[in-house]
Amino acid sequence: MARPRTPKGRARRTHELLAEEYPEAVCELDHDNPFQLLVATILSAQCTDKRVNMVTPDLFAAYPTPEKLAEAPLAHVEELVRSTGFFATKARNIVGMAQDLVNHFDGQVPGKMSDLVSLPGVGRKTANVVRSVALGLPGLPVDTHVARITGLLGITEHKDPVKIELELNPMVPAAERGEFSLRLILHGRRVCIARRPRCHECVLASFCPSAGG
DNA sequence: ATCCCGAGGG
DNA sequence: CCCTCTGGAT
């Protein structure tokens, strides 16, 4: 298959092929509402979603709402999220985030990007996950997988995730950005694995410069 | 650029 | 042992 000449062409081809490969890519962080997804996504930094799903049931049982989490003893939250790594930072961030929701956003998860990134522990990646998965708003989360794969495919030259996001946005229709990200992430976990990519099994290999074999 | 900082894979 | 796992703040 011929390699599309432009970065945008490569982005579109990538999404076409990944949409066939992964028709129903879904967010695998367990959650029942936007607040829970926001907490789970903060916890997912440098950690597998599987491990996050191991700690959130107890966490949400103890602190089901922003109001409850805002008043939680830090030591108890640290204990509950310890196995996700960076536990001191994450505990402080999710409690502080809950306090901000109560104090500034009427206990609701805001949809505006500028509001979301004002919350402790929430950067653009986390904000875009919440927007696209829980709120039905446009959002293209750029995580380690999205950054790595778009770089390998020559869709972007940037290394900074925020620059990558801003460069990718015009290449992908707003309504498809969340799915595009989800599919790249799934592909990164299953096939284009950082440490040992399975190029033989990759549907993108025909136009991937790094698919040597 | 550096720190946070646990768990699992190769 | 070294790297990676859906990063964010300083």
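Just so it is clear: chains get the letters A, B, ... in the order the sequence lines come, proteins before strands, and each one is counted from 1.
Contacts between residues 78-100 of chain A and DNA chain B, defined by a heavy-atom separation below 4.0 Å, involve A:R82, A:S83, A:G85, A:F86, A:F87, A:A88, A:T89, listed by number. Of all the residues in residues 119-147 of chain A, not one reaches under 4.0 Å from DNA chain B with any non-hydrogen atom. A heavy atom closer than 4.0 Å to some atom of DNA chain B occurs in A:Q46, A:R51, these being the qualifying members of residues 28-62 of chain A. Listed in residue order, the members of residues 174-195 of chain A having a heavy atom less than 4.0 Å from DNA chain B are A:R195.
Among all heavy-atom pairs drawn from A:S44 and A:V52, the shortest one is CA-CG2, 3.6 Å. Residue A:G121 comes nearest to A:T126 through the heavy atom pair O-OG1, 4.3 Å, listed as atom of the first residue, atom of the second, then distance. Of all non-hydrogen atoms in A:A11 and A:M171, the two that sit nearest each other are CB-SD, 3.9 Å.
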Please set out all donor-acceptor pairs under 3.5 angstrom arising from side-chain atoms of residues 20-40 of chain A, sequence neighbours excluded.
from, atom 1, to, atom 2, distance (Å)
A:Y22, OH, A:H187, ND1, 2.8
A:E28, OE1, A:R189, NH1, 3.3
A:E28, OE1, A:R189, NH2, 3.3
A:H31, ND1, A:L29, O, 2.7
A:N33, OD1, A:F35, N, 3.2
A:N33, OD1, A:Q36, N, 2.8
A:Q36, OE1, A:D32, N, 2.8

Could you list the donor-acceptor pairs under 3.5 angstrom formed by side chains in residues 136-164 of chain A, with sequence neighbours left out?
from, atom 1, to, atom 2, distance (Å)
A:D143, OD1, A:H145, N, 3.4
A:D143, OD1, A:V146, N, 2.9
A:D143, OD2, A:H145, N, 3.4
A:H145, ND1, A:R148, NH1, 3.4
A:H145, ND1, A:R148, NH2, 3.1
A:R148, NH2, A:C192, O, 2.4
A:T150, OG1, A:V146, O, 2.6
A:T150, OG1, A:A147, O, 3.3
A:T156, OG1, A:H158, N, 3.0
A:T156, OG1, A:E167, OE1, 2.6
A:D160, OD1, A:V162, N, 3.4

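The shortest distance between side-chain heavy atoms of A:S118 and A:D100 does not fall below 4.5 Å. Two residues are said to be in side-chain contact when any heavy atoms from C-beta on lie closer than 4.5 Å; A:L18 and A:V203 meet this criterion.
First and last contacting nucleotides of DNA chain C toward chain A (any atom under 4.0 angstrom from a heavy atom, 5' to 3' order): C:dC2 to C:dA9.
For the pair A:R10 (side chain) and A:P4 (backbone), a donor-acceptor distance under 3.5 Å is present. A donor-acceptor pair under 3.5 Å is formed between the side chain of A:R177 and the backbone N or O of A:V172. Between the side chain of A:K90 and the backbone N or O of A:A45 there is at least one donor-acceptor pair closer than 3.5 Å.
Nucleotides B:dC4 and C:dT6 place their P atoms 23 Å apart, quoted to the nearest Å. Comparing the P positions of B:dA7 and C:dG8 gives an interatomic distance of 22 Å, to the nearest angstrom.
Taken from CZ in A:F60 to OG1 in A:T65, the straight-line distance is 11.5 Å, to the nearest 0.5 Å. A:T41 OG1 to A:D49 CG: the interatomic distance, rounded to the nearest 0.5 Å, is 10.0 Å.
Residue pairs meeting the ring pair (Phe, Tyr, Trp, His ring centres under 6.0 Å) criterion with at least one member in residues 66-97 of chain A, sequence neighbours excluded: A:Y63-A:H76. Among residue pairs with one or both ends in residues 102-115 of chain A, none qualify as salt bridge (charged side-chain N to carboxylate O under 4.0 Å, His left out); sequence neighbours excluded.
Every residue meeting the salt bridge (Lys or Arg N to Asp or Glu O under 4.0 Å) condition with A:R124, not counting sequence neighbours, appears here in chain and number order: A:E165. Applying the salt bridge (Lys or Arg N to Asp or Glu O under 4.0 Å) test to A:R131 and every residue at least two apart in sequence or in another chain returns nothing.
A salt bridge does not link A:R12 with A:E16: every distance from a Lys NZ or Arg NE/NH1/NH2 to an Asp or Glu carboxylate oxygen is 4.0 Å or more.
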Reading DNA chain C 5' to 3', how would its secondary structure be written in dot-bracket notation, given Watson-Crick and G-U pairs with both distances under 3.5 Å, brackets [ ] for crossing pairs and | for partners on other strands? |||||.||||
